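For reference, the structure discussed in these notes is given below.
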Number of protein chains: 2
Amino acid sequence: MVPMIQTGLELMTLKELAEHLGLSPTTVSRALNGFPEVSEATRKKVQAAADTYGYRPNYRARSLATGRAMAIGHVIPMASEHEMMNPVFTDFIAGAGEVYAKNGYDMLISIVPDQHQEQAYQDFKSKGSVDGIIVHAPRAGDRRIHMLNEVGIPFVVHGRASDAHEPYNWVDMDNKRAFHRATDFLLDLGHRRIALINGLEDMDFAIRRRAGVKEALEGRGITPDESLFFSNEMTEFNGYETGRRLLAIQDPPTAFLVSSIIPAIGLRRAIREAGLDVGRDVSIIIHDDDLSYLSNASGGQEPQFTATKSSVRDAGRKAATMLLDIIESGDTAPRTALMEANLILGRSTGPAPNRTTT
Amino acid sequence: MVPMIQTGLELMTLKELAEHLGLSPTTVSRALNGFPEVSEATRKKVQAAADTYGYRPNYRARSLATGRAMAIGHVIPMASEHEMMNPVFTDFIAGAGEVYAKNGYDMLISIVPDQHQEQAYQDFKSKGSVDGIIVHAPRAGDRRIHMLNEVGIPFVVHGRASDAHEPYNWVDMDNKRAFHRATDFLLDLGHRRIALINGLEDMDFAIRRRAGVKEALEGRGITPDESLFFSNEMTEFNGYETGRRLLAIQDPPTAFLVSSIIPAIGLRRAIREAGLDVGRDVSIIIHDDDLSYLSNASGGQEPQFTATKSSVRDAGRKAATMLLDIIESGDTAPRTALMEANLILGRSTGPAPNRTTT
DNA sequence: TAAATGCTCCAAACCGCTTTGGATGCCTGA
DNA sequence: TCAGGCATCCAAAGCGGTTTGGAGCATTTA
């Protein structure tokens with residue numbers, strides 16, 4: 001049962017293993033892959049020999065023969081100027097990777113300049129190196145979904161494309177609802193000047209979050225002040241800088257909705273530098289992707305930030321599971337999964353302060 | 001010259017392309033791969049046809065024939081309990097990925113539970129899915145280096161293993177020197193109670209950083225107070241928690257050396273909560289991996305933290321370049337690259353405050 | 001002029017595995 | 001006793017490329 005790992009020895013091929021056993025490659029292959037045409041006795045013998053010699057099938061050969069690559073591709077876009085590496089990829093990929101590993105799939109990652117993205121997907125298909133693809137960070141007017149549908153390779157989108165009019169598989173968090181609820185909560189606390197520090201505005205999630213905020217404001221008869229809505233890459237510095245500028249205006253916001261914990265950390269820095277207190281003078285609600293190394297949890301205490309929370313790692317697991325299921329079942333009926341975010345109370349929110357100007 | 005991308009069509013094989021051209025597969029293959037046995041005229045014709053039909057060679061088939069996988073493997077350990085995903089991986093991988101893409105290599109990533117790591121490397125080799133491996137996060141007593149040397153697959157270590165007595169390829173930052181210099185700088189400012197918030201203590205980089213600190217202290221005739229040295233996973237919360245506890249002791253440190261910007265953000269939070277001022281009451285020097293989304297730079301201004309800075313993305317590029325070079329040259333003479341960190345002045349350091357107790 | 005040389009191109013083997021279509025031997029039932 | 005059925009196993013043909021060892025032909029060289 002326990003495999004005897006042999007290091008430093010020449011690798012063994014199926015043919016060699018078959019010779020050792022005095023069997024044909026056919027039989028050995030079938031024995032190892034659990035086909036019924038081989039007797040239980042020989043199967044045991046073959047399995048034992050494979051373990052002893054540390055035989056492992058060559059994936060390239062197998063995949064050439066079966067037509068299955070046993071690998072999933074992820075394309076990670078690289079905006080060349082910023083050299084920006086989105087931190088949520090890390091956790092998403094960690095989640096997906098768990099699922100792949102459990103099912104014997106490899107994970108192929110391509111770092112691709114933005115402008116070569118479509119070509120990269122084409123290549124995945126034509127080079128035959130993957131069985132399916134995860135599409136990250138869909139944007140408004142994203143052509144990838146249409147393209148992949150045409151190419152006919154299984155794929156799952158992490159997020160949605162609002163303007164895609166064809167069916168496709170996706171796993172998404174209910175961004176609009178989450179930010180609607182968060183806004184409602186701030187309104188309930190008496191806040192009226194509410195700023196939004198969002199991700200890049202052509203990102204689908206950013207569009208939905210903004211829509212959620214507007215919807216909530218309008219639901220209370222408040223005209224959204226678009227001058228308080230900001231879109232940018234979600235870096236610590238951008239959060240800091242936006243906060244600094246906003247706190248210096250005439251009638252500064254009393255509350256901030258922030259799309260990620262990272263810019264929120266910058267925002268908090270700006271607030272403190274302005275001599276204000278988070279949670280008392282200024283409220284913050286973040287969206288918390290539950291990143292493992294930037295946890296919003298505070299070891300049993302109340303979280304630092306009030307947050308809409310949804311684990312992006314879990315989204316990775318869900319997307320990977322969905323994709324593998326599509327590939328292995330061959331059933332192409334479009335699947336979707338909408339995850340709900342929890343609104344979790346932390347120390348960064350409080351009632352709107354009384355201003356000299358009410 | 002411009003390839004006409006054909007979507008939705010059946011993929012074309014080399015054999016089919018050859019038939020279309022009235023040539024043999026041999027000639028087509030050679031034409032496309034630039035062998036001299038084919039005339040310039042036919043090469044042009046073949047190339048043009050390949051472009052028109054959007055032909056791309058199947059990587060699995062090619063790699064089976066050539067014995068080269070055209071892929072590099074990265075194993076990312078996953079400590080199952082913590083579900084920790086080290087953020088520096090992201091940037092390192094981004095750097096390496098650029099180099100792979102430029103050279104036509106794929107990047108294979110395996111998320112592997114800590115205890116199955118060695119098996120994962122074995123598998124990489126025996127499954128034949130990669131030509132080389134990058135080893136991440138070497139630890140004290142790390143068996144991977146010995147194992148990979150035995151297995152005989154090209155690899156480059158990001159970091160070093162202090163106790164490895166055999167040659168191997170590595171790319172590392174001079175951790176000891178960086179922390180020595182940082183400590184010297186704090187000593188010059190008059191600090192004597194210096195704390196270290198380090199990474200997990202069996203990590204090689206953590207060992208070297210600690211050694212650098214001790215060496216500097218001893219160089220000035222100061223006996224290191226080991227009760228001020230902490231090792232833990234580099235999360236925001238751990239930085240916060242360690243800071244909180246240390247600031248509450250009898251004779252708290254006046255300066256902190258922190259192994260990453262992430263726990264430093266937590267530490268800063270703790271310092272502010274204690275009503276103290278970073279840079280005046282308490283000094284901080286971090287090591288800055290130059291993560292793209294957590295930049296220490298402040299848009300033209302002085303950086304937030306004084307830091308020893310070395311781009312981990314750049315390390316990724318260097319390691320990938322080294323590995324590809326080893327693979328393609330076949331030259332196994334061990335290579336090493338030691339990167340120097342810059343000591344960059346920010347707003348988090350100042351002279352040691354005068355205590356009532358001098 | 002005959003042999004040697006180059007230049008192009010091709011047939012076929014091969015990479016390591018899967019899978020189709022038997023082949024073999026033994027057992028059953030009529 | 002013999003056809004038919006079943007359980008095992010195998011030879012050989014792929015999968016889609018690369019590569020070895022020529023073949024065919026025009027051009028030089030002796």
Side-chain angles (χ1 to χ4, degrees), chain A residues 10-47 49-50 53-71 104 106 123-131, chain B residues 10-47 49-50 53-71 104 106 123-131:
Chain A
E10 275 318 297
L11 294 177
M12 163 163 284
T13 68
L14 183 119
K15 197 184 298 182
E16 289 163 10
L17 182 59
E19 266 167 25
H20 272 270
L21 284 158
L23 288 169
S24 77
T26 311
T27 305
V28 175
S29 169
R30 285 185 163 151
L32 257 26
N33 292 313
F35 281 72
E37 295 95 332
V38 58
S39 75
E40 204 48 43
T42 50
R43 183 196 309 291
K44 284 233 176 71
K45 234 186 315 181
V46 171
Q47 192 57 257
Y53 293 119
Y55 166 78
R56 320 231 53 202
N58 180 313
Y59 264 41
R60 298 191 304 249
R62 162 186 288 182
S63 103
L64 183 58
T66 58
R68 302 265 313 271
M70 295 306 284
D106 284 329
D123 285 4
F124 266 156
K125 168 75 173 188
S126 52
K127 299 192 308 189
S129 33
V130 303
D131 298 315
Chain B
E10 276 318 297
L11 294 177
M12 164 163 281
T13 68
L14 185 120
K15 199 182 297 182
E16 287 163 10
L17 183 60
E19 266 166 26
H20 272 271
L21 284 160
L23 287 170
S24 77
T26 311
T27 305
V28 175
S29 170
R30 284 184 165 151
L32 259 25
N33 293 314
F35 281 71
E37 294 96 331
V38 59
S39 76
E40 204 47 46
T42 49
R43 182 195 311 288
K44 284 232 175 69
K45 237 186 313 182
V46 170
Q47 193 57 258
Y53 294 118
Y55 168 77
R56 320 228 54 199
N58 180 311
Y59 264 40
R60 298 192 303 251
R62 163 186 288 180
S63 106
L64 181 58
T66 58
R68 303 262 313 270
M70 294 306 284
D106 285 328
D123 285 3
F124 267 155
K125 168 76 172 188
S126 51
K127 298 192 311 189
S129 35
V130 303
D131 298 316

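As the structure is a computational prediction, the values presented were derived from the model and not from experiment. Every chain is numbered from 1 and lettered A, B, ... according to where its sequence line falls, protein lines coming before strand lines. Heavy atoms only: backbone and side chains are in, while hydrogens, waters and symmetry mates are out.
Interatomic distance, A:Leu14 CG to A:Leu32 CG, rounded to the nearest 0.5 Å: 7.0 Å. Within the model, atoms OG of A:Ser29 and CG of A:Leu17 stand 11.0 Å from one another, a figure rounded to the nearest 0.5 Å. A distance of 3.5 Å separates CE of B:Met12 from NE2 of B:His20, quoted to the nearest 0.5 Å.
Side-chain nitrogen and oxygen atoms of A:Ser24 include at least one within less than 4.0 Å of the OP1 or OP2 phosphate oxygen of D:dC10. Distances shown here put every side-chain N or O of A:Ser39 at or beyond 4.0 Å from the OP1 or OP2 atom of D:dA7. In this structure, A:Tyr55 reaches the C:dC17 phosphate: one of its side-chain N or O atoms is under 4.0 Å from OP1 or OP2. Considering only side-chain N and O atoms, A:Asn33 lies under 4.0 angstrom from the phosphate OP1 or OP2 of C:dT18.
Straight-line distance from the CG atom of A:Leu64 to the P atom of D:dG17: 9 Å, rounded to whole Å. Following rounding to the nearest Å, B:Leu32 (CG) and C:dC9 (C1') show an atom-to-atom distance of 16 Å. The separation between A:Glu40 atom CD and D:dA7 atom C1' is 13 Å, rounded to whole Å. Note: OH (A:Tyr59) to C1' (C:dG16) measures 14 Å, nearest angstrom. Rounded to whole Å, atom P of C:dT18 lies 12 Å from atom CE of A:Met70. Between the CZ atom of A:Arg62 and the P atom of D:dG17 there is a distance of 21 Å, rounded to whole Å. Between the NZ atom of B:Lys15 and the C1' atom of C:dA13 there is a distance of 13 Å, given to the nearest Å. In this structure, the CG atom of A:Leu14 is 9 Å from the C1' atom of C:dT18, given to the nearest Å.
Side-chain proximity of B:Val38 to the nucleotides C:dC9, C:dC17, C:dT19 is greatest for C:dC9. You'll find that the side chain of B:Pro57 is closest to D:dG17, out of D:dC10, D:dG17, C:dG16. Counting only heavy atoms from C-beta on, B:Arg30 has its side chain closest to D:dT20 among C:dC17, D:dA11, D:dT20.
Side-chain atoms of B:Ser29 stay outside donor-acceptor range of the base of D:dT19, with no qualifying N/O pair under 3.5 Å. For C:dT19, the base has a donor-acceptor partner in the side chain of A:Thr26 [N/O atoms by modelled type, under 3.5 angstrom].
Put simply, the side chain of A:Asp106 reaches to within 4.5 Å of the side chain of B:Ser129, judged on heavy atoms. A:Lys127 has its side chain out of reach of B:Asn58: every pair of non-hydrogen atoms, C-beta onward, lies at least 4.5 Å apart.
Nucleic acid contact class of A:Thr42 (heavy atoms, under 4.0 Å, all strands): sugar-phosphate only.
When each of B:Glu37 and A:Pro25 is assigned the nucleotide of DNA chain C bearing its nearest heavy atom, the one mapping closer to the 5' terminus is B:Glu37.
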